[in-house]
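These notes concern the structure reproduced below.
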Amino acid sequence: MRRRALLCAVGASALAGCGGRLGDDGDATEVETETDTQTTASTTTAAPEPVLELENDDLVRSNEGSESELARVVGTLHNPTEETVAEATVTATFEDEDGEALDAANASVSELSPGGSWSFELVYPATGEDARAVADYELTVEIGE
């Protein structure tokens, strides 16, 4: 939103001093104008987001070989900082043996305290043969406000 406002302000000031009018014969005639333009820029430095650590994670299967076979990722997320993290979301993208994404699952935690850990379980949304197609996964962690 701030970028949009800045671009609008820059665009308007870039056009300042450009003007024209129609002459008596209807043709465009250049007119010189003087415009004082002042541009003010401010920079805000955002505090760096806290860094969370994945302490461990693993692909776990249950009921292997059956129609109710499940694939899930279990793990632990740790907050090594001295600040409470308001919200964090862990997403597992489940992949086949070729590395192609099959599906995803996510879970969130609120108010992860300094030094605290959170255990998560992300279950692949299909069972049986579909779950057997899961060969690997990729985890991402997003920190919310």
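By convention here, the first residue in the shown sequence is residue 1.
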CD (Glu55) with more than 12 external heavy atoms under 6.0 Å: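 Yes - once you tally the heavy atoms of other residues, nucleotides and ligands closer than 6.0 Å, there are more than 12.
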Close side-chain approach of Ser108 to Glu142, heavy-atom, < 4.5 Å: no
Flag side-chain contact, heavy atom, 4.5 Å: Phe94 against Asp136: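 No - every pair of side-chain heavy atoms lies 4.5 Å or more apart.
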Taking all atoms of both residues into account, what is the closest heavy-atom pair of [X] and [Y], and its distance?
| X | Y | result |
| --- | --- | --- |
| Ser62 | Arg72 | OG-NH1, 3.5 Å |
| His78 | Gly115 | CE1-O, 3.2 Å |
| Ala131 | Ala126 | CB-O, 3.6 Å |

Test item: side-chain donor near acceptor, Tyr124 and Asp130, under 3.5 Å: no
Answer with yes or no whether the hydrophobic clustering places [X] together with [Y]; edges join I, L, V, M, F, W, Y residues whose side-chain heavy atoms lie under 4.5 Å apart.
| X | Y | answer |
| --- | --- | --- |
| Leu122 | Leu70 | no |
| Leu102 | Leu139 | yes |
| Val60 | Val123 | no |
| Leu59 | Leu77 | yes |
| Leu52 | Leu54 | yes |

Working to the nearest 0.5 angstrom, can you tell me the gap between [X] [atom1] and [Y] [atom2]?
| X | Y | atom1 | atom2 | value |
| --- | --- | --- | --- | --- |
| Glu87 | Ser110 | CD | OG | 5.0 Å |
| Asp57 | Phe120 | CG | CZ | 6.0 Å |
| Asn56 | Thr76 | CG | OG1 | 4.0 Å |

Main-chain N/O of Thr127 paired with Arg132 side-chain donor or acceptor, under 3.5 Å: no
Among Val51, Asn79, Leu112, Val85, side-chain contact (heavy atoms from CB on, under 4.5 Å) partner for Ile143: Val85
Salt bridge (charged side-chain N to carboxylate O under 4.0 Å, His left out) pairs, two or more places apart, involving residues 90-100: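 As it turns out, there is no salt bridge (charged side-chain N to carboxylate O under 4.0 Å, His left out) pair with a partner in residues 90-100 once direct neighbours are skipped.
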